[in-house]
Amino acid sequence: MESVDWGFVLEQTLIQALGLNAAVYAIAAIGLNMHFGYAGLLNFGQAGFVAMGAYGMGIAVNQWGYPVWVAVLMGMLFSVGFAVLLGLPTLRLRADYLAIVTIAAAEIVRLVARSTALRDITRGAEGLNEFIGPFREFNPFNPSATYGIWFVQYRGNTFFAVVIGWTLAALFVLITYLLIRSPWGRVVKAIREDELAARALGKNAYRFKMQALIIGGVMGGFAGMVDAIGKATVQPDFFGAALTFFFWLVLILGGVGRVWAPIAGSILYWGLITFVQNTGRQLVDNGVIRTTIMDTNQIDQIRFWVVGGALALLMVYRPQGIFGSREEMALDAR
Amino acid sequence: MHADRSAVLAGVAAEPGVPKPDPILVADSLQRSFGGIRAVDVDHLEVQRGIITGLIGPNGAGKTTFFNLLTGFDQPDNGKKSFNGDSIDGKSPHALARQGMVRTFQLTKSLTKLSVIDNMKLGARHQSGESLWRSMLRPLWGSEEKAIEQRADELLVRFKLDHMREEYAGTLSGGQRKLLEMARALMSEPDLIMLDEPMAGVNPALTQSLLEHVKDLAGQGISVVFVEHDMDVVRDISDWVVVMAEGAVIAEGPHDSITANSDVIDAYLGTHHDAPLDVEVDLDWKEADG
Ligand SMILES: Nc1ncnc2c1ncn2[C@@H]1O[C@H](COP(=O)(O)OP(=O)(O)OP(=O)(O)O)[C@@H](O)[C@H]1O
Ligand SMILES: [Mg+2]
């Protein structure tokens with residue numbers, strides 16, 4: 001018997017690399033790219049924006065019984081509100097203030113959502129679990145059939161969310177591209193480079209930064225909505241600080257400030273951890289790695305070591321990310 | 001010095017705070033302290049429209065701080081200021097820039113990861129494509145962008161930066177960055193341009209052409225205030241010279257009245273001194289040019 005079933009590993013890897021999680025992470029990282037890659041905003045609380053989208057949409061249906069389109073609008077509004085709330089006091093200050101405030105705010109969102117005080121609205125630690133019905137009515141795919149290409153197959157309900165997810169990701173890449181090649185994008189990049197210079201040329205830096213924060217934040221909100229639709233649940237602890245750092249990882253892996261890079265980064269990230277996980281598990285299951293050394297649970301931890309190691313290597317040999325520009329990176333050193 | 005332009009101020013007395021026929025910028029009792037240091041303490045200063053005003057003074061005299069106060073980058077502890085006859089107290093830098101007062105910085109601010117041409121295009125005022133909603137639809141701003149680009153290219157040629165058009169601004173030399181910053185400021189078609197040491201670090205041969213640009217500006221009716229340490233440059237292009245020392249305006253007038261002023265010589269040299277003012281030893285661009 002072979003020690004590793006490579007066909008199976010490849011199948012799992014591709015399913016994850018092109019699946020729901022990858023789409024969700026890609027969308028959130030596209031938003032982060034708008035924030036950091038173009039506007040230079042240090043948002044360390046993207047998970048909070050994702051939570052805002054998921055909860056905004058979920059609560060609208062789950063608790064208040066609103067129709068789907070109102071729910072999506074509410075997810076967007078929640079994200080916009082969060083952006084304004086964070087941006088108002090911090091965007092006039094130095095860049096690090098936003099960083100600190102976003103870290104804290106995202107954690108507050110999670111803790112408030114899971115608190116018993118708001119149980120009537122957010123359902124506390126239990127999360128929102130009864131909102132998916134109205135969304136599934138729009139699902140053109142048969143829930144009991146599978147869809148996909150070649151051996152990359154998803155069940156109907158998942159496939160629905162996967163299609164929505166990648167469609168949104170492509171749309172957001174397009175929006176980012178259109179915005180950034182415009183005079184608006186030029187101002188935003190100028191503010192990233194030197195806010196005072198931009199202001200001396202008559203650009204209201206505060207306003208542009210607020211716009212960028214909102215746009216990237218709403219993209220984050222959509223990531224949350226897609227995730228909720230795909231998983232049919234909104235769980236508060238999903239939105240922990242670690243989630244934000246995985247979005248950053250995806251962004252850096254792909255290459256900061258490149259429109260397509262978050263999609264590539266996300267596919268790569270999910271592909272890599274799934275590949276390591278499945279290979280490792282099979283090595284344990286088939287006795288190549290003895291259980292006295294490592295069991296399958298430990299393999300699930302090891303995959304993050306590997307990703308961390310890969311990222312460290314990337315930073316050494318290709319600090320601009322896979323699609324980033326070495327030329328731009330070199331300018332920082334001058 | 002330009003005969004026609006200086007003629008406007010022919011009857012104006014060479015004394016600090018003197019009123020001028022048509023001031024574009026007025027500062028009144030403007031003060032700013034940092035801890036115990038009174039960086040700026042200007043009783044009254046009027047900047048005449050349409051001429052080149054040189055602002056000189058020893059290091060630490062408060063010239064840059066005064067610039068910051070006037071352009072909204074720093075707020076005075078007290079005092080008033082007006083631009084084009086309107087009060088500009090408390091106005092933000094971007095609002096002032098949109099009103100037509102643009103500045104450059106002593107420490108050059110080139111936007112390193114933008115190309116030279118993008119740096120230039122950024123300078124243009126009132127671009128409709130800078131609105132978030134219009135930005136995504138190129139037809140709404142495409143023709144405007146073309147016009148801006150054409151103006152940018154003309155300026156790049158004048159400033160001898162056209163060969164660097166597509167390069168990142170971060171790849172330019174220090175002197176080239178100075179040029180770019182000045183050209184970029186001109187893109188905004190200002191009424192008043194405030195240049196903080198525009199020639200510092202620029203190759204002497206280029207200084208000469210830069211001086212011509214500055215004179216051109218005044219020829220086009222743009223008012224210029226510039227800080228400069230090189231007295232040859234000051235003599236060559238200023239229609240009026242203002243001298244600051246320890247935060248205050250201690251003298252103003254045509255160049256010759258300044259160099260003869262004993263207060264000015266004191267301020268520079270610390271003691272009474274009979275020698276004519278020659279503040280800095282510098283490369284003689286007249287030779288370098290020939
Ligand atoms: N942000 C600040 N904090 C504290 N002190 C300051 C600050 N900015 C300026 N100063 C002080 O104010 C005084 C005036 O400085 P300023 O930079 O305006 O001088 P300057 O005339 O432009 O000099 P230079 O010719 O060297 O550029 C100096 O004593 C300086 O140390
Ligand atoms: Mg200075």
Side-chain angles (χ1 to χ4, degrees), chain A residues 34 36-40 80 92 171-216 218 256-258 320 324-334, chain B residues 67-68 71-73 92-105 107-115 117-138 140-142 144-145 148 167-172 181 184-185 187-188 190 194 196:
Chain A
M34 173 57 78
F36 179 68
Y38 296 110
V80 172
R92 285 186 205 276
L171 179 69
F172 291 164
V173 165
L174 178 68
I175 289 176
T176 306
Y177 168 77
L178 290 176
L179 282 172
I180 291 310
R181 68 152 193 188
S182 79
W184 183 89
R186 193 159 60 216
V187 176
V188 163
K189 283 193 283 183
I191 291 169
R192 173 193 73 193
E193 294 303 302
D194 193 322
E195 187 173 330
L196 291 184
R199 299 180 72 195
L201 294 169
K203 317 301 176 191
N204 185 348
Y206 179 68
R207 177 171 151 180
F208 284 95
K209 285 197 288 185
M210 184 62 95
Q211 290 174 340
L213 185 64
I214 290 173
I215 294 169
V218 169
V256 175
R258 284 283 173 272
Q320 70 273 36
S325 150
R326 180 172 279 276
E327 220 185 338
E328 278 192 18
M329 198 81 186
L331 291 173
D332 286 333
R334 275 173 70 109
Chain B
F67 261 41
N68 288 344
T71 52
F73 278 90
S92 58
H94 68 262
L96 289 173
R98 307 187 104 186
Q99 281 185 17
M101 184 201 292
V102 68
R103 72 169 295 180
T104 64
F105 295 87
L107 297 172
T108 325
K109 295 191 181 300
S110 47
L111 305 159
T112 50
K113 285 183 210 161
L114 263 58
S115 66
I117 185 73
D118 273 349
N119 261 269
M120 293 295 289
K121 289 198 268 187
L122 182 77
R125 272 196 275 170
H126 309 301
Q127 299 186 40
S128 54
E130 287 178 359
S131 138
L132 179 61
W133 304 112
R134 288 156 178 258
S135 65
M136 280 187 282
L137 297 168
R138 191 171 204 144
L140 295 181
W141 48 265
E144 188 186 281
E145 176 89 353
I148 290 171
E167 305 296 325
Y168 284 114
T171 64
L172 299 184
E181 195 182 6
R184 190 176 67 197
M187 281 298 292
S188 73
M194 317 251 295
D196 199 347

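Below, read A as the first sequence line, B as the second, and so on, with proteins coming before strands; counting in each chain starts at 1. In this text the structure is predicted, and so the values were computed from the model without any measurement. Basis for what follows: all heavy atoms, side chains included, without hydrogens, waters or symmetry-related copies.
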- Message: Tell me the closest heavy-atom pair linking Ala190(A) and Leu111(B), and the distance in Å.
- Response: O-CD2, 3.5 Å
- Taking only heavy atoms into account, what residues of residues 206-215 of chain A are found under 4.5 Å from chain B? Phe208(A), Gln211(A), Ile215(A)
- Task: Kindly write out the residues that satisfy side chain to side chain contact (heavy atoms under 4.5 Å, CB included) with Thr176(A), not counting sequence neighbours, or none if the list is empty.
- Result: Ile30(A), Met34(A), Tyr38(A), Ile180(A), Met219(A), Val259(A)
- By salt bridge (charged side-chain N to carboxylate O under 4.0 Å, His left out), which residues pair with Glu130(B), not counting sequence neighbours? Lys203(A)
- Message: Is Ser110(B) close to chain A through its backbone or its side chain, or both, or neither, when contacts mean heavy atoms under 4.5 Å?
- Response: neither
- Closest approach of Met187(B) to Ile148(B) (non-hydrogen atoms, all atoms of both residues): CE-O, 3.6 Å
- Query: At what distance, to the nearest 0.5 angstrom, does CG of Leu172(B) lie from CD of Glu181(B)?
  - Reply: 12.0 Å
- Item | Residues Arg186(A) and Glu145(B) bridged, charged N to O under 4.0 Å | yes
- Note on the structure: Whatever's closer than 4.5 Å to a heavy atom in chain A on Ala124(B) counts as backbone
- Item | Contacting moiety of Thr71(B), where chain A heavy atoms sit under 4.5 Å | neither
- Excluding sequence neighbours, so at least two apart, what forms side chain to side chain contact (heavy atoms under 4.5 Å, CB included) with Met136(B)? Ile175(A), Leu178(A), Leu179(A)
- Task: Provide the closest heavy-atom pair for Arg184(B) versus Met120(B) in the form atom of the first, atom of the second, distance.
- Result: N-SD, 3.7 Å
- Item | Between Lys109(B), His126(B), Lys113(B), the one whose heavy-atom pairs under 4.5 Å with chain A are most numerous | Lys113(B)
